[in-house]
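To start, the structure under review is shown below, and the notes come after it.
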Amino acid sequence: MTAPGEVVLALSGVVKTFPGVRALDGVELEVRAGEVHCLLGQNGAGKSTLIKVLAGVHRPDEGSITWLGEDFHPATPQAAMRAGIATIYQELDLVDDLSVAENAFLGHEPHRAGFVRRADSAQRTREILGRLGHPEIPPRRLVRSLPAAGKQIVSMARALSHDARLIVMDEPSAVLAHDEVGNLFRIIRELTAQGIAVVYISHRLDEIREIGDRVTVLKDGRTTAANLPARTTPTKDLVSRMTGRSIEYVFPPRAGREPGPELLAVRGLSRDGEFANVDLTVREGEIVGIAGLVGSGRSELLETIYGARRADAGTVEMRGKRLRPGDVIAAVKAGLGMAPEERKSQALLLGEPIHRNMTLSTFTGYARGGFTDVATERAKAQETADRLHLHPRDVNRAVRTLSGGNQQKVVVGRWLLGDTKLLLLDEPTRGVDVGARAELYQLIRGLAERGVGVLLVSSEVPEVLGLADRVLVMREGHVVREAAADDLDESAVLDLVMAGSLLEGEALA
Amino acid sequence: MSVTEAPPVAKHPGETKTSWWKGDRSEPVRRNLGLVGVLVALVVIGAVTRPELYGDASWVQNNVLTILQQASAIGVITVGMTFVIIGGGIDLSVGAIVALAGVWATTLATQSYGAGGMIFTAIAVGVGVGLVNGLLISYGRLVPFIATLAMMVAARGLAAQISGKQTQVSANSVINDIASTRVLGIPLLVYILAAVVAAGWVLLNRTTFGRRTVAVGGNPEAARLAGINVRRHTVLLYALSGLCCGIGAIMLTSQATSAQAAMANLYELDAIAAAIIGGTLLSGGRGTIIGALFGVLVFSTITNLFAINNLSTEVQNMVKGGIIVAAVLIQQFRYKSLTNLFSRVKTG
Ligand SMILES: Nc1ncnc2c1ncn2[C@@H]1O[C@H](COP(=O)(O)OP(=O)(O)OP(=O)(O)O)[C@@H](O)[C@H]1O
Ligand SMILES: [Mg+2]
């Protein structure tokens, strides 16, 4: 294996253009064996494009790449993998109808005489899952049936199934809960101890401080700072190199105004195996946050309130009127809106332009006599795009060509357009960069000030505490604590969220 | 700000001057250009193989009208099919619906109500069968392929039952005259096709119905969570296809002055193929009406080419299969090579 500290990968002057966009415009990057090299940059800065160039998905137009001392031009993803570069993509790239093991070893199945050795690959998958701290995922299970976090684990298992010398991770923590991130870091440390290099992308600065060794910052497809020490570089330096301005990563102050009358009342809501006996209310102008681990039933709860899933028991009332269970259309008519967790499969028409995606739930409202009013739609979408600092600003562009964080802004933007009375937000800032995040917080708070009720689910505890007025903590399908956000702090919430807290009795009540 | 736009595209965001060869909007144009190319090639082949005919201007004019007339009924049916496919489904029963609607409209009992009764019956049967398809698929949760395959068999069976396997002659002169009427020298059937295509284009591109169709076909889960009534819309799509079949049934009945259970045989395949080579994605979410029209025209021009050369239908079917593959390949090739070429020119 390479000696630790030796440069394994060097990029210089790498350029990649898409029609109309210069996604990479002269990138410099140097990665050493055994280090965790972090890539920082705003949404659309070119991080994902850069790693796709490394992974052989895109071919660079200019520039040189040196891998283990040799010129490197991977023509296909297989070539890059064979050369020892494994990649975990930002957008999951698993085959839903194959099993966990089949996905992990897709393209390099252990085989004999053309037959896949299924027992062998299942066994090896089990080992890898064990290393990842998830021995409970059965290798033969269909990937379709796993929750988002489980899928992320499988794509990690796939990367580990190669004997890679560089593992690239594009926002792996975005779909992971707090304890999962800890697990991920443990694995990263194991890998780097073996001399494997890791390129790590995240918008969460605290993670970069914790796991990173060196940081390279991208802005507009260019390297604006290379090889900064990850732990000691001041935050404001990092942010200003990313954005060209300095942004405070803070939450807008609460209005201090009393919320209005009750908007949403949920009573005894249950779904077998997901959550049980949940009571909650949201008042006009109030932001209610739900904290909990992935798998605690928070997303399922949100979807059930919205009518996307049918409750087994309990009622949902909007302004005193009962909503028909399992009926999204009735919920939307009553003024509910939901930005779902998985943007690609649940929210976006990838081939359609941004403006059509943004107006997907409002275009009927702009229409006259059944005829759509595209001019108004486009203008409204453009307004929202500008408020969210969407890059690129051109709303005619297909959503497919947007970076992950910008796709997320389109999903949230959709519900800023209508006159939604109650907004259900499931991980609204997933993959959104620091600057745009502050903007999004402001918008959400602004909505609340106009009387909109917000029910917010987030894996990031500071986000829930900073944005919400009132917080519900969920664990294993039960609400274990409800309190004003000011009465809780991060460690208290984390204690509650993990098992074994003092309030065990309350959970069962 | 964060994106360095390569000049000259979208230098001023908002005022979007996307060049014609790229961007979503222009893709249909590019695809249609490919089909126009195929059409031109077919005409050239015709002119080379039968130069004596092509020398005669009035023959050429008549031949063009013949091709259009032959494309009319299948063209109308293809418009409905295109909507169904964009909406994420497939309708294998269109040929059978046409036969059932045609037969039902020409029973002695129906004919006693006159032309209005016959037209009403054909359309009602078409829409009715389409509704059944839609209900089975949306609320009965049958896969579209299976539901419409079953309907294809069942509707033809019912048509044979009603007609007693006899050819039913239409004695109604109004119906029979539709096919022979010309307005300004152009057959009425061609006007009907033009009207249906125009209506289909407006419906797809300018109405909320069209927008829902794209959303439902592109990502049904996203459409549902955005508050679109996916099930109801699916029912409407199959009813629309049935409506087009009803119109097509009257057109074909008029052309033949009769109807029978075996009419419109294999029209489902022609309609699907025309929609697909016209750029409609078989998986749903994308497609164009104009492209589908070109697809139909390509097919009827091939049929015509074989007819004027007195070649058998067997050969014709083999060539049709080849053309489907070729047209799709050409479009893919054009797409890739053009995109590559231009991105290279721009960087270089
Ligand atoms: N296939 C494509 N076609 C056209 N433009 C693209 C394509 N893929 C990416 N882009 C553009 O390239 C730029 C860089 O995108 P990239 O996905 O690399 O950003 P990113 O840094 O990963 O952002 P995020 O933090 O949001 O994931 C963006 O402006 C994006 O719109
Ligand atoms: Mg990215």
Side-chain angles (χ1 to χ4, degrees), chain A residues 15 17-23 25 41-46 61-62 219-222 243-244 303 306 308 328-329 331-333 336-338 340 344-353 356-357 359-361 363-364 367 370-372 374 382 386 389 391-398 403 414, chain B residues 1-19 21-25 27 202-212 214-232 281 283-286 338-340 342-348:
Chain A
V15 172
T17 53
F18 295 110
V21 182
R22 239 171 139 78
D25 190 19
Q42 279 182 290
N43 294 133
D61 302 322
E62 282 170 42
K219 177 172 184 291
D220 300 344
R222 288 198 196 101
T243 60
E303 287 181 12
Y306 190 54
V328 174
I329 294 138
V332 172
K333 279 215 184 90
L336 270 75
M338 181 176 79
K344 240 182 168 175
S345 63
Q346 294 186 296
L348 293 172
L349 304 171
L350 290 172
E352 292 290 300
R356 292 206 175 180
N357 272 281
T359 56
L360 191 62
S361 19
F363 68 87
T364 329
F371 286 89
T372 50
V374 182
Q382 187 70 61
D386 291 346
H389 295 279
H391 301 295
R393 286 188 51 217
D394 176 6
V395 293
N396 293 313
R397 206 175 259 284
S403 75
R414 175 180 301 162
Chain B
M1 282 198 287
S2 176
V3 182
T4 315
E5 314 267 13
V9 183
K11 252 207 146 166
H12 313 285
E15 102 182 50
T16 43
K17 294 261 187 287
T18 323
S19 315
W21 66 79
K22 59 177 156 44
D24 271 30
R25 203 161 299 273
E27 203 192 306
V202 170
L203 191 61
L204 182 62
N205 297 298
R206 291 284 179 271
T207 68
T208 53
F209 183 91
R211 185 70 62 80
R212 285 191 200 108
V214 173
V216 165
N219 189 342
E221 177 69 358
R224 186 174 81 100
L225 292 181
I228 291 173
N229 195 335
V230 175
R231 286 186 174 179
R232 188 180 68 192
L281 221 55
S283 53
R286 174 138 39 109
L338 273 182
T339 329
N340 284 349
F342 281 112
S343 60
R344 238 164 253 162
V345 168
K346 288 162 99 35
T347 25

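No experiment lies behind these values; they were computed from the predicted model shown. Each chain gets a letter, A, B and so on, in the order its sequence line appears, and its residues count up from 1.
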Examine whether an atom of [X] lies under 4.5 Å from a heavy atom of chain B, and if so say whether it belongs to the side chain, the backbone or both; otherwise answer neither.
X	result
A/S403	neither
A/A347	backbone
A/K344	backbone

Using a cut-off of under 4.5 Å on heavy-atom pairs, state which of A/L348, A/D386, A/V374 scores highest against chain B.
->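 Ranked by contacts with chain B, first place is A/L348.
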When only pairs under 4.5 Å are counted, which of A/R356, A/R414, A/E303 shares the most heavy-atom pairs with chain B?
-> A/R356
Return the option, out of B/G285, B/A222, B/G227, with the maximum number of heavy-atom pairs under 4.5 Å with chain A.
-> B/A222
Look at B/T207, B/V202, B/N205, B/L203 and state which one has the largest set of heavy-atom pairs under 4.5 Å with chain A.
->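 Highest number of pairs under 4.5 Å: B/T207.
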Determine whether a donor-acceptor pair (N or O, by modelled atom type, separation under 3.5 Å) exists between the side chain of [X] and the backbone of [Y].
X	Y	answer
A/N357	A/L349	yes
A/Q382	A/R393	yes
A/N396	A/P353	no

Within this structure, what is the [atom1]-[atom2] distance for the pair [X] and [Y], rounded to the nearest 0.5 Å?
X	Y	atom1	atom2	result
A/T372	A/F363	OG1	CZ	8.5 Å
B/R212	A/T364	CZ	OG1	5.0 Å
B/R224	B/N229	CZ	CG	11.0 Å

